[in-house]
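Let me begin by presenting the structure, written as C-alpha cells, before commenting on it.
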Amino acid sequence: MTFELELRGITKRYPGVLANDAVDLAVHPAEIHAIVGENGAGKTTLMSLLYGLFPPDEGEIFIRGEPVRFDSALDAIAAGLGMVHQSFKLFPTLNVADNVVFRQEPTRRGLIDRAAGAARVKDLAERYGLAVDPEAAVEDLPVGVLQRVEILKALYRDAQVLILDEPTAVLTPQERDQLFEVIRRLREAGRTILFITHKLGEVMAISDRVTVLRRGRAVAHLTTSETDPAEITMHMTGRAVDLDRRAPEHQSDQVVLEVGNLTVLGGHGRPVVEEADFEVRSGEIVGIAGVAGNGQSELIEALCGLRETDAGTVTLSGRDITHADVTERRRAGLAYIPEDRYGVGTTRQASVAANLMMGHHRRPGIQNKGWLDRGAVAALARRLVEVFGIKVASVSGPVETLSGGNLQKVVVSREMEHQTPLLIAEQPTRGLDIGAIEFVHGQLIEYRDRGGAVLLVSAELSEILALSTRILVMFEGHIVACLDPRKVAEPEIGLYMTGSHLENQVA
Amino acid sequence: MPRKVLEELQDLSRRALVSPVTFSLLFAFALAASIVAVTGGNPLAAGEEMFTGAVTGSGLRNTLGRAIPIVGMALAVSVAFRSGIINLGGEGQMVIGGLAGTIVAIYVPGPGFLIVPLAMFTGAVVGALWALLPAYGQTRLQLPILITSLLLNYVARAITGFLVRFPLADVSVTLATTRQVPETTRMPKMPLFGGVSLSLILVILMVVGLWLVYSRTVMGYETQMAGFNMRSARYGGIDVEQRTVQVMMVAGAIGGLIGTHLIIGEALRFIDGELVLSGFAWTGLLVSLLAVNRPIPIFVTGLFFSGLQIGGLAMQRNAGVSWRLSQVLQAVVIVAVACRLVIRRRDRRPSQPVDAETAGVGEV
Ligand SMILES: Nc1ncnc2c1ncn2[C@@H]1O[C@H](COP(=O)(O)OP(=O)(O)OP(=O)(O)O)[C@@H](O)[C@H]1O
Ligand SMILES: [Mg+2]
C-alpha cells in the first residue's frame with residue numbers, strides 16, 4: 001500500500017536550533033494523523049516544510065509515492081495540499097465567498113462570476129457540514145467561523161491533504177466538536193488530515209495515528225487505539241504529568257478588585273457588558289466562564305483600561321481607577337496576560353529581551369535616572385527564560401522566531417514577574433504543551449497562595465474548574481451565575497453558559 | 001582567537017557583499033558610467049573628478065558643510081519615523097525655527113559667544129513649538145500627523161514670507177529678505193579642513209546622542225516599542241500620546257537648529273523661499289529611509305549624498321559632465337536600495353499565495 005504522504009529524513013536547522021532532526025513521517029490515505037510534542041518541538045516547522053513555505057536542509061517528500069520538491073506553497077497546493085495557519089489570512093472587508101474563491105474565481109465571458117462562486121462555496125460548505133454564510137462579511141465573524149472559511153479555501157482548491165496547525169486552540173468546546181464533525185466527514189470523503197494539538201483528549205477522540213516529536217526528532221509513531229495519553233505524554237516529555245484538580249485554598253477578606261455595575265458599550269452602541277458587579281479578593285482565583293463572544297474580552301479590556309466604560313466603577317486596592325489609563329492602572333497594581341499574544345502581548349520586530357522587559361523597564365534597578373542597565377535587563381530576561389523554560393537560542397534574538405507556545409511563555413512570565421496584587425489572566429495556557437500548562441497552573445496557584453488576586457478567563461472549563469475559588473459565568477454580557485467549583489460539574493456550568501438556565505426558569 | 005576574528009571578518013564581508021546597499025551602489029555607478037560612456041564622455045575621468053572634487057581641498061570642506069543640513073534633517077525625520085510617527089513637517093519646522101533664530105542673531109544685542117547659542121536655542125524652541133501643533137492635533141483631535149504636518153509646511157512658508165517681506169524686510173535690496181546677520185553673531189567656522197562650520201560638531205553630538213538614547217535609555221526603548229507596535233506598547237503601560245508629543249518636539253527642535261544654522265552659518269540672510277528650495281528636508285527624509293532611521297548609518301549616508309552633490313559640481317567644472325548626473329546617481333541608489341529591500345523581504349517570507357498578507361491586506 002502506498003502512503004498518501006511520506007517524509008523521509010527531514011532536517012531543518014536554524015542558528016542555534018535543530019528544529020527538525022531527520023524526521024520520518026508516513027501518513028495513509030483517509031487518515032486523521034495527529035502531530036504532538038512540547039512547545040518548540042518542531043511541529044509547525046515540519047508542517048511549513050511540507051507545505052513548501054521554505055525548503056528543508058535535508059530530506060525528501062513523497063506524495064502518493066512520487067518524490068516532490070516544492071519551491072513555494074503554490075506548488076504544494078497544486079500537489080493537493082492545504083494548510084490552515086494559526087493566524088488566519090483573510091481579507092476582512094470581503095465576504096466569505098470572495099475570500100474563498102480569491103485568485104481562482106469562476107468566470108463567465110472573461111468576467112468574474114460572483115454568483116457561481118457563491119454557489120460553489122455554498123455547495124462545498126453543505127457537503128462537509130461547514131456552517132458558513134457565503135455572503136457574510138469576514139470582519140464580523142467569530143474565530144470559529146473564520147477557521148471554517150480557511151478550511152473552505154483549502155477544499156475549494158481541492159486539497160487532498162489538509163494540514164491544521166493547532167486548530168482547536170482558539171475554539172470553544174462547541175466549535176471544536178463541530179470541527180471534529182467536519183474532519184470526520186472529510187475522512188469519509190477520502191481526504192487525509194494532519195492535525196497539530198496539545199490536547200491529548202483530542203488526539204484520543206479523533207485521530208487514527210499519532211506522531212510524537214521531541215526536540216526536533218520523531219520519537220514515536222503510534223496507533224491511537226493501541227495507546228493512551230499517559231504513554232504519549234511519556235514520549236513527549238519523558239515524564240508523567242498530572243493536571244488534576246487542586247482544592248481551593250484559604251481566602252481573605254481583603255478586596256483587591258471591586259467592579260461595581262460596570263457597563264461597556266460595543267461598536268453598535270449596544271451594551272456588550274451590562275452591570276457587571278463582582279469582586280476579587282486576595283488569595284483567590286476567580287474564574288470567568290462563558291462561550292466566547294459573551295462579553296468576557298470586553299470586560300477584561302475595560303478593566304485594563306484598553307476600552308472605554310460607559311457606566312459603573314472599578315476600584316483596585318481601594319483606588320478608584322474607573323477613568324485611569326493603562327499606565328496608571330498598572331502602577332496601581334495590575335498585570336495582564338492578554339488573549340492575543342501576537343498583536344497585543346508581544347512586539348514582533350523587537351528582541352526577546354525587549355519583549356520580556358516591557359513594563360519592567362521603569363523599575364529601579366533595571367533603569368537608573370532614565371538610563372537602562374543593560375546587564376540588569378539581560379539578567380531579567382535570562383532568568384525568566386530559565387524559570388519558564390522558554391526555548392530560545394539567545395535573548396537578543398528576534399522574538400519572531402519563537403514557536404507559538406514559547407511566545408506565550410514570554411507573555412506569561414513577564415506579567416507574572418510584576419507580582420502585582422491583581423493578575424488578570426486571559427487564556428493563559430493557550431498553545432502551551434501539557435508540561436508548560438502544569439507549570440503555569442502551579443505558578444498561578446503560588447501567586448494566589450502568596451496573597452495575590454487572580455482573575456482568570458479561559459475557554460477551557462477544566463482549567464477554570466481546576467484553578468478557581470469561585471466561578472462567574474457570563475452570558476450575553478451579563479454575569480448570570482456565581483458558582484462554587486467544589487459543588488458544580490461541567491454540565492451545570494454549560495447550562496449557564498448557553499443561557500439554558502433561563503429557559504428552565506420560565507418553564 | 002585570530003581564527004575567530006578571521007571568521008568574523010569573513011562573515012562581515014559576506015554580509016557586506018549581499019547587502020542591498022553594496023549592490024545598489026555598484027549598480028548605480030555602473031549605470032552612471034555607461035551613461036557617460038554612451039554620451040561620448042570618459043567615465044573614468046568623470047569618476048575621478050567627482051571623487052577628488054568631493055574629498056580634496058575645498059571639496060572636502062564643502063562636502064562636510066553640506067552634510068550638516070542633510071544629516072540634521074535626516075535625524076529629525078528618523079526620530080519621528082522610529083516611533084511610528086510620519087512627520088512630513090520637517091521643512092516647516094526648519095523654516096519657522098530658522099527665521100526665529102535669525103531674528104535673535106540680527107536684533108538681539110550682545111556678544112557673539114552669547115547670541116549665537118541663544119539664536120540656536122531660540123530656533124530649536126520655536127521649531128519644537130511649531131511641531132507641537134500637529135502633535136496635539138493627533139493626540140487631542142485625532143487629526144493624522146502625516147497630513148497636518150505636511151500642510152503646515154505651507155503655512156510656515158506663508159508666515160515667514162510675510163515677515164521677511166514686511167516687518168523684517170531689508171528695504172535696501174530688491175529681494176524679499178531680512179537684513180544680513182552681523183559679523184559678530186554668525187556661526188563660527190572651525191580651523192579644520194579649510195573652515196567647516198562649528199555646527200558640524202553639533203550634528204556629530206546629535207548623532208552620538210541619539211544613538212545613546214536608542215540603545216541605552218528608557219525613552220529610546222519606549223519610543224521604539226511604540227513605533228513597532230502601538231497596541232502592544234499601550235498595553236504595556238507606555239503613554240503613547242505623551243511620547244508622540246515629546247518625539248515631535250525633538251524632531252521640531254532639530255529642524256529649528258538646522259534652519260538657524262543654514263542662515264547664521266551659511267546664507268547669512270533669510271531670503272524668502274530659499275530654505276525651501278534647498279530641499280534639505282526631503283533629501284534628509286530619503287537619507288533616513290535608506291539608513292533605516294538609525295543615527296550612525298544616517299551620518300554615513302548623509303556624508304555620501306553630500307559628497308555626490310559636491311563631487312557632481314566638480315565633475316561638471318573639470319570633466320564637462322553635467323552635475324545632474326550626480327542627481328541621477330542619487331536617485332538610482334534610492335530606487336535600487338528600495339527594490340532590494342522588497343526582494344529581501346520576499347525571500348524571507350516565502351510565498352503564501354492565497355493570502356491577504358502578500359496582497360497588502362492585514363490579517364483578520
Ligand atoms: N525563523 C526561525 N529562526 C530561528 N529559529 C526558529 C525559527 N522558526 C522556528 N525556530 C525554532 O525552531 C524550534 C521549533 O519551532 P516550531 O515553531 O516548529 O515549534 P512547535 O513545535 O510548533 O511549538 P509550539 O507548540 O510552541 O507551537 C523552536 O525552538 C523555534 O524557536
Ligand atoms: Mg507551533
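In what follows, every heavy atom counts, from backbone to side chain, and hydrogens, waters and symmetry copies are set aside. Quick note on labels: first sequence line is chain A, next is B, and so on, each numbered from 1.
For M357(A), the parts lying under 4.5 angstrom from a heavy atom of chain B are both the backbone and the side chain. Using a 4.5 Å cut-off between heavy atoms, Y336(A) touches chain B through backbone and side chain atoms alike. Neither the backbone nor the side chain of V101(A) has a heavy atom closer than 4.5 Å to any heavy atom of chain B. With a 4.5 Å cut-off on non-hydrogen atoms, R348(A) does not touch chain B at all. Neither the backbone nor the side chain of E328(A) comes within contact range of chain B; no heavy atoms are under 4.5 Å apart.
The choice from K369(A), M83(A), E415(A) that makes the most heavy-atom pairs within less than 4.5 Å of chain B is E415(A). With chain B as partner, the option from G370(A), S48(A), G359(A) having the largest number of non-hydrogen pairs under 4.5 angstrom is G370(A).
Other residues, nucleotides and ligands contribute more than 12 heavy atoms inside 6.0 Å of the CZ atom of F228(B). Around the OH atom of Y342(A), the shell of radius 6.0 Å holds more than 12 heavy atoms that belong to other residues, nucleotides or ligands. For M230(B), the CE atom is loosely surrounded, since the number of other residues' heavy atoms within 6.0 Å does not exceed 12. Within a 6.0 Å radius of CZ in R331(A), no more than 12 heavy atoms belonging to other residues, nucleotides or ligands are found.
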Take Q367(A) and V218(B) through the test side chain to side chain contact (heavy atoms under 4.5 Å, CB included) and record every step on the way to the result.
CA-CA 7 Å; Q367(A) 161 269 140; V218(B) 171; 3.1 Å; yes
Apply side chain to side chain contact (heavy atoms under 4.5 Å, CB included) to R362(A) and E222(B), showing your working.
CA-CA 10 Å; R362(A) 282 175 174 272; E222(B) 289 199 348; 2.8 Å; yes
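Annotation for I238(B) and H361(A): closest pair CG1-CE1, 4.1 Å, computed over non-hydrogen atoms. The two atoms that bring D239(B) and D325(A) nearest to each other are OD2-OD2, 4.4 Å, heavy atoms only.
For the side chain to side chain contact (heavy atoms under 4.5 Å, CB included) test with R231(B), the passing option among D340(A), L306(A), T347(A) is D340(A); the others fail.
Atoms CZ and CG, on R216(B) and D373(A) in that order, are 10.5 Å from each other to the nearest 0.5 Å. Within the model, atoms OG of S232(B) and CZ of R341(A) stand 14.0 Å from one another, a figure rounded to the nearest 0.5 Å.
Considering only heavy atoms from C-beta on, Y235(B) stays 4.5 Å or farther from M358(A) through its side chain.
The backbone N or O of V344(A) sits nowhere less than 3.5 Å from a side-chain atom of N229(B) that would complete a donor-acceptor pair. Of the possible polar contacts, one joining the Y221(B) side chain to the A354(A) backbone as a donor-acceptor pair under 3.5 Å is found.
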